[in-house]
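Contents: one structure, followed by commentary.
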Amino acid sequence: MDADGRVKVLVSACLAGERCRFDGAACTCAGIDEIAEFAELVPICPEVLGGLPVPRKPSEILGSRVVTCDGADVTEAFQRGAERAVRRALGEGCRFAVLKERSPSCGSKAVYDGTFSSVLVQGSGFAAVALERAGIRVYGESDLAKLKKDIAAE
């Protein structure tokens, strides 16, 4: 909770309007503004936290690794970013996170299959898995109504 007693919610920085996506863009989510009315947002980008630049090559999970579209292995940066995201969430007292769906870092239900052919498979990104293991409840941007209900029930 913040000083005003509001719950803190970790949020993918790109959803909050920061231009940190792989392509240098943001993917601002209008519903994030509604969450900010009753919660303090803590924006993070696990990929940037892991040391990757903006812009960067698109990446997908292939087996247990993360590779770029040109075959470079960026797994270590994704692992480092996930660890730093968890430290930030716990340090800020976040119990909830809203993360960018389908991302190799932040996706929580489905991610791209590693073939760069726009095929989704069931699974979660590196940061989403690490946050859930740390006890943070993870939601995608399409789950904001559920997040609101869950925060209200606390």
Side-chain angles (χ1 to χ4, degrees), residues 8-36 39 41-92 94-151:
K8 289 187 176 185
V9 177
L10 195 74
V11 62
S12 289
C14 62
L15 295 176
E18 291 186 31
R19 299 174 59 88
C20 58
R21 278 177 34 111
F22 73 92
D23 58 3
C27 44
T28 305
C29 175
I32 295 297
D33 290 339
E34 294 174 30
I35 301 300
L41 303 182
V42 179
I44 56 108
C45 177
E47 295 173 27
V48 171
L49 287 175
L52 295 173
V54 177
R56 56 191 168 274
K57 299 277 185 184
S59 300
E60 293 186 4
I61 297 173
L62 182 61
S64 62
R65 313 297 296 165
V66 183
V67 296
T68 64
C69 60
D70 60 4
D73 187 326
V74 289
T75 306
E76 286 184 25
F78 276 74
Q79 290 171 331
R80 186 171 44 252
E83 292 165 5
R84 290 177 178 169
V86 168
R87 279 199 301 268
R88 176 89 188 271
L90 295 176
E92 292 281 348
C94 298
R95 294 190 321 262
F96 302 94
V98 178
L99 303 178
K100 178 68 185 118
E101 295 172 354
R102 298 177 298 281
S103 158
S105 288
C106 297
S108 60
K109 294 179 188 142
V111 293
Y112 292 106
D113 71 351
T115 64
F116 297 89
S117 58
S118 298
V119 174
L120 289 170
V121 294
Q122 185 176 0
S124 295
F126 278 48
V129 168
L131 288 162
E132 287 177 339
R133 285 185 182 149
I136 310 291
R137 291 162 66 181
V138 173
Y139 302 78
E141 71 265 27
S142 65
D143 295 327
L144 295 181
K146 180 167 177 24
L147 170 65
K148 288 181 197 178
K149 288 180 186 174
D150 290 349
I151 289 174

> Can you check side chain to side chain contact (heavy atoms under 4.5 Å, CB included) on Ser108 and Leu99, steps first, answer last?
Replying inline: CA-CA 8 Å; Ser108 60; Leu99 303 178; 5.8 Å; no
>> Just so I know, are the side chains of Leu10 and Ile136 near enough to count as touching, which here means a heavy-atom distance under 4.5 Å?
In response: no
> Below 4.5 Å, heavy atoms only, C-beta onward: do Ile35 and Val11 meet side chain to side chain?
Replying inline: no
> Restricting to pairs with a member in residues 16-26, which pass side chain to side chain donor-acceptor pair (under 3.5 Å), not counting sequence neighbours?
Replying inline: Arg21-Asp23
>> If you define the side chain from C-beta out and look only at heavy atoms, does anything of Lys8 sit under 4.5 Å from Cys94?
In response: yes
> Quick one: are Val86 and Leu90 in side-chain contact, heavy atoms under 4.5 Å?
Replying inline: yes
> So, the side chain of Glu141 versus the backbone of Glu101: is there a donor-acceptor pair under 3.5 Å, distance only?
Replying inline: yes
> So which heavy atom on Val66 is nearest to which on Pro104, and how close?
Replying inline: CG1-CB, 4.5 Å
> If every non-hydrogen atom of Ile61 is compared with every non-hydrogen atom of Ser124, which pair is closest and at what distance?
Replying inline: CD1-O, 3.7 Å
> How close do Ala82 and Ala130 get, heavy atom to heavy atom, and via which atoms?
Replying inline: CB-CB, 4.0 Å
>> Would Val67 and Phe116 count as a side chain to side chain contact (heavy atoms under 4.5 Å, CB included) here? Give the steps.
In response: CA-CA 10 Å; Val67 296; Phe116 297 89; 4.3 Å; yes
> Would you call the rings of Phe96 and Tyr139 parallel, tilted or perpendicular, where under 30° means parallel and over 60° means perpendicular?
Replying inline: tilted
> What are the two closest non-hydrogen atoms of Leu131 and Ala89, and how far apart are they?
Replying inline: CD2-CB, 3.9 Å
Without placing hydrogens or testing angles, list every side-chain donor-acceptor pair under 3.5 Å for residues 42-59, not counting sequence neighbours.
unit_1, atom_1, unit_2, atom_2, d
Glu47, OE1, Arg56, NE, 2.8
Glu47, OE1, Arg56, NH2, 2.9
Glu47, OE2, Ser105, OG, 3.1
Arg56, NH1, Cys20, O, 3.2
Arg56, NH1, Pro53, O, 2.9
Arg56, NH2, Cys20, O, 2.9

> Can you tell if the side chain of Tyr112 reaches within under 4.5 Å of the side chain of Val119, non-hydrogen atoms only?
Replying inline: no
>> If you apply the rule side chain to side chain contact (heavy atoms under 4.5 Å, CB included), what do you find for Val121 with Val111, and how did you get there?
In response: CA-CA 6 Å; Val121 294; Val111 293; 4.2 Å; yes
>> The test is side chain to side chain contact (heavy atoms under 4.5 Å, CB included); show your working for Glu34 and Leu144 and say whether it passes.
In response: CA-CA 9 Å; Glu34 294 174 30; Leu144 295 181; over 6 Å; no
> Roughly how far, to the nearest 0.5 Å, is the CD1 atom of Ile151 from the CZ atom of Arg137?
Replying inline: 8.5 Å
> Excluding sequence neighbours, so at least two apart, what forms side chain to side chain donor-acceptor pair (under 3.5 Å) with Arg84?
Replying inline: none
